[in-house]
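Note sheet for the following structure.
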Amino acid sequence: MTSAEIRQQFLDFFKSKQHQIVPSAPIVVKNDPTLLFTNAGMNQFKDYFLGNKEPQYKRIADTQKCLRVSGKHNDLEEVGVDTYHHTMFEMLGNWSFGDYFKKEAIAWSWELLTEVYKLDRDKLYVTIFEGDDKEGLPRDEESFNEWKKVIAADRILLGNKKDNFWEMGDTGPCGPCTEIHVDCRSDEERNKVDGKTLVNNDHPQVIEIWNNVFIQFNRLKDGSLQPLPARHVDTGMGFERLVRVIQNKTSNYDTDVFTGTIDAIKTITNQVYQPLTKEGIAFRVIADHIRAISFTIADGQLPSNTGAGYVIRRILRRAVRYYSSYLYYKQPLLHQLVPVIAKQFENVFPELIAQKDFVSRVIREEEETFLNTLDKGLKKLNDRLRYEIDKILEWRKANSIHTDTPNSKVIIDGKFVFELFDTYGFPLDLTRLILSEKPYSHVDFGIDEAGFEAEMQQQKSRSKAAAVVDTEDWVNVHEHSITEFVGYDSLEIKSKIVKYRKVKAKGKEGYQIVLSATPFYAESGGQVGDTGQLIMNNEQLTIIDTKKENNLIIHFTESLPDDVTAEVFAKVDISKRKQTEIHHSATHLLHAALRKVLGTHVAQKGSLVNDEQLRFDFSHFAKVTDEEMAAIEKIVNEKIRENIRVVIKEMNKDEAVKLGAMALFGEKYGDIVRVVIIDPNYSIELCGGTHVGSTGELGFFKIKHESAVAAGVRRIEAVSGIAAETFIIEQLNTIHTIRESLKNPKEIDKAIDSLITENNELKRKLESVEAKQLIILKESLLGEHVPFPFANTQGKFIGKVVDVSNADHLKKLCFDLKNDLGNDYAVVLAANINGKANVAIMLSDSLVNEKGLEAPKIIKEYITTIIKGGGGGQKTLATAGGQDANNLQQVIDAVKSLL
RNA sequence: GGGGAAUUAGCUCAUUUGGCUAGAGCGCUACGCUGGCAGCGUAGAGGUAACGAGUUCGACUCUCGUAUUCUCCA
């Protein structure tokens, strides 16, 4: 059975049990501060469990893209080393929201595994929750009784709270779970050791394949458990594992989920996949990581240096490290695998093939910059090693030790290795690898790993201290399940506080408030959250921001009202909201214009809309030219003048897509979507934001700036409405000011040109005049040289206080004189420049070598005290400066007396 | 969000306690030589040392701020 068939049978099976099959949510999570990536199948249904949202269907099944890079059983550094950990994986799952419970869930999972997949019943074991005295929870009898119907009682094992009680987080929905384990060992081994002793014992061949969670409690912050009114089923079966079991392999990487990629790597690198070698690990790392990287980028998350983007970057770099270190491949490799993956998942996750050129381009660029970074780190490391080796060689020479004596041992301090890692991104294991390869055959290099760890710990605690956010439990005020958002139509309403909580971050206290109904738009889809007021009795509270936590609209305030139960009047800051709406509608006009002018490959990659401006990031592979920008602005302004009515409709997603709406990857939508139409032939977009009534309200549109944000992604910043007016006025004012200072010429650009030309000419002239003066000065100085006795002959001494305008001229004079003075000379020139003393001393090589004079020494020992300053330079030429310019003749005399 | 670092010629990078006319390689221009894979020689152009303040007699160098980029941690 192929992996594609296995996946399809899962979905078909649950479809036959009246489940709605839904597509995978994006792997990148938005609107949930506690999560960067989807890490379990249930993430997209969290709101149903929390009661923030009513489910559309009571039974759902799907396959969900998940990403895990850290956690109790998962560490990025382990992936690829063994044969079953992954960063990205698919989670098959079926759900019941207040519908069926333990009986059906257990019966169906048994049926699917044994009758559809035909797994051997003798190899299966199940676990159930044994109960926990501390929590006051009894054994899960219900599950036990259901299992007894299909499996022998001695194959039903008891599990403790750690293994068989599932919790979403520190707080929230939770409940007992039952797991199905499979024993994949050979018959011979199975006869020797009973499988049930190996369940939950980290045996690589006795593994859990399916977890059925029965959600029936809510965990509060004080640790207590509250029974939930509606009970849910949440299951998860790791797809890669399941395929491995069904295809009867010992490694996930030997299944057809991965063999295609591994073959492609073989072809590209010309290496052989041998599972047990270092190279084998590299193969697995690459095969695993490329999936994670490709799908997250396809879901809209670009690599970056913070948050989710940074996780992607780390995964990508780990893969680069492995192929460049172990597969001897030093060019970008990963991007070449994107087409292979895209093809493989064409029918399951079509978002990748739709963007495969974009994705591989982004990856390629990342690979190139990191290979570059590695080069830099390598250079820094080599410099250090060179230094250590030189030190040893010198020491050996001094002690007359031959190089063929036993090896020296050198430990590179942890601080340096950490710096390499922390600042240059040069990974510890790579440093270790290079050192172990003996860069110099007579020295053993080692790393002070404890020192490295200590530095690392310091860094971690610094970061932790800065990021502490303390959130208290919600305090319920009024019973109310779902917040109604009325802000599309009204900007002020009467409402009441449903619940609130206190939040502490960086020593600052604040409150988060949930209202029964609210006109406040919560930050989403790039549009900023509303600000405004809550007014009650005789009190007024400022809302400083509005954000979403999953489906919950949260208002941020600095304080609480005296009476939280009172009726509140919620009022949005109208002018700010209005101007924000103008920019949001302008964004839609811009998006459509971009596709018209640049092509339909343009897709939104990010957006920020506030009252001051709009920022729009989109995929495009070249700089947008001035002509293109002008064309874009022209179209947008035409659409504004047409004063098109903005039509907003709610419909189901398929209908919207049929209508031609741009479906945006990376956005999470329910089945009912909001469609914003600005002329059905011009712009149709799925959008939850707020908009103007008709385009005429925008007034005018102007692009301020175009730039690049990443490989293949451009950014346009633009203004509309009042912001555009202000921008234009500012620009005109600037031109006006320039015009005035130029005495109102007809053509400013020509006036400026001629001004610049004139200025350059004058500069040149002045320079040549000064140069001529210097030559005259030089000639006269040459005539004033006096002899002094040196060796068997005579040297020439020139010492004079001269009149120059610039300290550099003293130096220049010296160099000019040098060419005319021959072999043995000494020159000292001094000048008073703007009341300050400047001195230059030049000595011939002969004076330095044979008489032991050095210009900087002379300055420090004799001159600085006279001029109250300091100075230095090279042995033959040094300069000095000081505050006291009254005794310059003394300076010259002082130098003369030394000769 | 917190730390570390970088920014010097078109490109890649040097420049040690603050004082060297800020250099090299590649590229570019001109001339000359040359049947060769990055051919050779000579000469030359090219710099606001990211930006802005400050300290100093003097700042590429030290301090502070801003911007951009890299990097680690959360």
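Just so it is clear: chains get the letters A, B, ... in the order the sequence lines come, proteins before strands, and each one is counted from 1.
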Please report the distance separating the [atom1] of [N] from the corresponding atom of [M], rounded so that it comes out in whole Å.
{"N": "B:U15", "M": "B:A74", "atom1": "P", "result": "33 Å"}
{"N": "B:U16", "M": "B:C62", "atom1": "C1'", "result": "13 Å"}
{"N": "B:U7", "M": "B:C60", "atom1": "C1'", "result": "12 Å"}
{"N": "B:G25", "M": "B:A38", "atom1": "C1'", "result": "13 Å"}
{"N": "B:G19", "M": "B:C37", "atom1": "P", "result": "45 Å"}
{"N": "B:A9", "M": "B:C72", "atom1": "C1'", "result": "32 Å"}
{"N": "B:A24", "M": "B:G65", "atom1": "P", "result": "36 Å"}
{"N": "B:A30", "M": "B:G46", "atom1": "P", "result": "16 Å"}

Is the centre of the A:Tyr511 ring less than 6.0 Å from the centre of the A:Phe556 ring?
no
Does atom NZ of A:Lys851 have more than 12 heavy-atom neighbours, drawn from other residues, nucleotides or ligands, at distances under 6.0 Å?
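Enclosed: over 12 neighbouring heavy atoms sit under 6.0 Å from NZ of A:Lys851.
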If you count every heavy atom of other residues, nucleotides or ligands that lies below 6.0 Å from A:Asp803 atom CG, does the total exceed 12?
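No, CG of A:Asp803 has 12 or fewer neighbouring heavy atoms, counting only those of other groups under 6.0 Å.
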Could you say whether A:Gly870 or A:Ala837 is positioned toward the 5' end of RNA chain B, judged by the nucleotide with the nearest heavy atom to each?
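Here A:Gly870 is the residue nearer the 5' end.
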Between A:Gln874 and A:Tyr310, just flag the one whose closest nucleotide in RNA chain B comes earlier from the 5' side.
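Going by which nucleotide is closer to the 5' end, it is A:Gln874.
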Nearest-neighbour nucleotide for the [X] side chain, [options] considered:
{"X": "A:Gln459", "options": "B:G2, B:C57, B:C20", "answer": "B:G2"}
{"X": "A:Thr423", "options": "B:G58, B:C73, B:G4", "answer": "B:G4"}
{"X": "A:Asp422", "options": "B:C20, B:G3, B:C70", "answer": "B:G3"}
{"X": "A:Phe815", "options": "B:C20, B:C72, B:C57", "answer": "B:C20"}
{"X": "A:Gln883", "options": "B:C72, B:C20, B:C57", "answer": "B:C57"}
{"X": "A:Thr879", "options": "B:G19, B:U21, B:C72", "answer": "B:G19"}

Is the backbone N or O of [Y] less than 3.5 Å from a side-chain atom of [X], with the two atoms forming a donor-acceptor pair by type?
{"X": "A:Asn849", "Y": "A:Asp845", "value": "yes"}
{"X": "A:Thr423", "Y": "A:Leu420", "value": "no"}
{"X": "A:Glu367", "Y": "A:Leu334", "value": "yes"}

For the pair A:Asn823 and A:Ser846, evaluate side-chain hydrogen bond (donor to acceptor under 3.5 Å, both in side chains) and give the outcome as yes or no after the intermediate values.
CA-CA 7 Å; A:Asn823 290 327; A:Ser846 54; over 6 Å; no
Classify A:Lys811 by what it touches in the nucleic acid, base, sugar-phosphate, or nothing, heavy-atom distance under 4.0 Å.
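A:Lys811: backbone/sugar contact only, no base atoms under 4.0 Å.
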Touch class at under 4.0 angstrom, heavy-atom based, for A:Gly872 against every strand present:
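Base contact - A:Gly872 has a heavy atom under 4.0 Å of at least one base atom.
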Rounded to the Å, how far apart are [X] [atom1] and [N] [atom2]?
{"X": "A:Glu366", "N": "B:C70", "atom1": "CD", "atom2": "C1'", "answer": "11 Å"}
{"X": "A:Met842", "N": "B:C20", "atom1": "CE", "atom2": "P", "answer": "15 Å"}
{"X": "A:Lys818", "N": "B:U21", "atom1": "NZ", "atom2": "P", "answer": "9 Å"}
{"X": "A:Ile315", "N": "B:C72", "atom1": "CD1", "atom2": "C1'", "answer": "16 Å"}
{"X": "A:Asn838", "N": "B:G58", "atom1": "CG", "atom2": "C1'", "answer": "8 Å"}
{"X": "A:Leu810", "N": "B:G58", "atom1": "CG", "atom2": "P", "answer": "15 Å"}

Base partner of [N], which must satisfy Watson-Crick or wobble distances under 3.5 Å:
{"N": "B:U48", "answer": "none"}
{"N": "B:G1", "answer": "B:C73"}
{"N": "B:A43", "answer": "B:U29"}
{"N": "B:A59", "answer": "none"}
{"N": "B:G35", "answer": "none"}
{"N": "B:A6", "answer": "B:U68"}

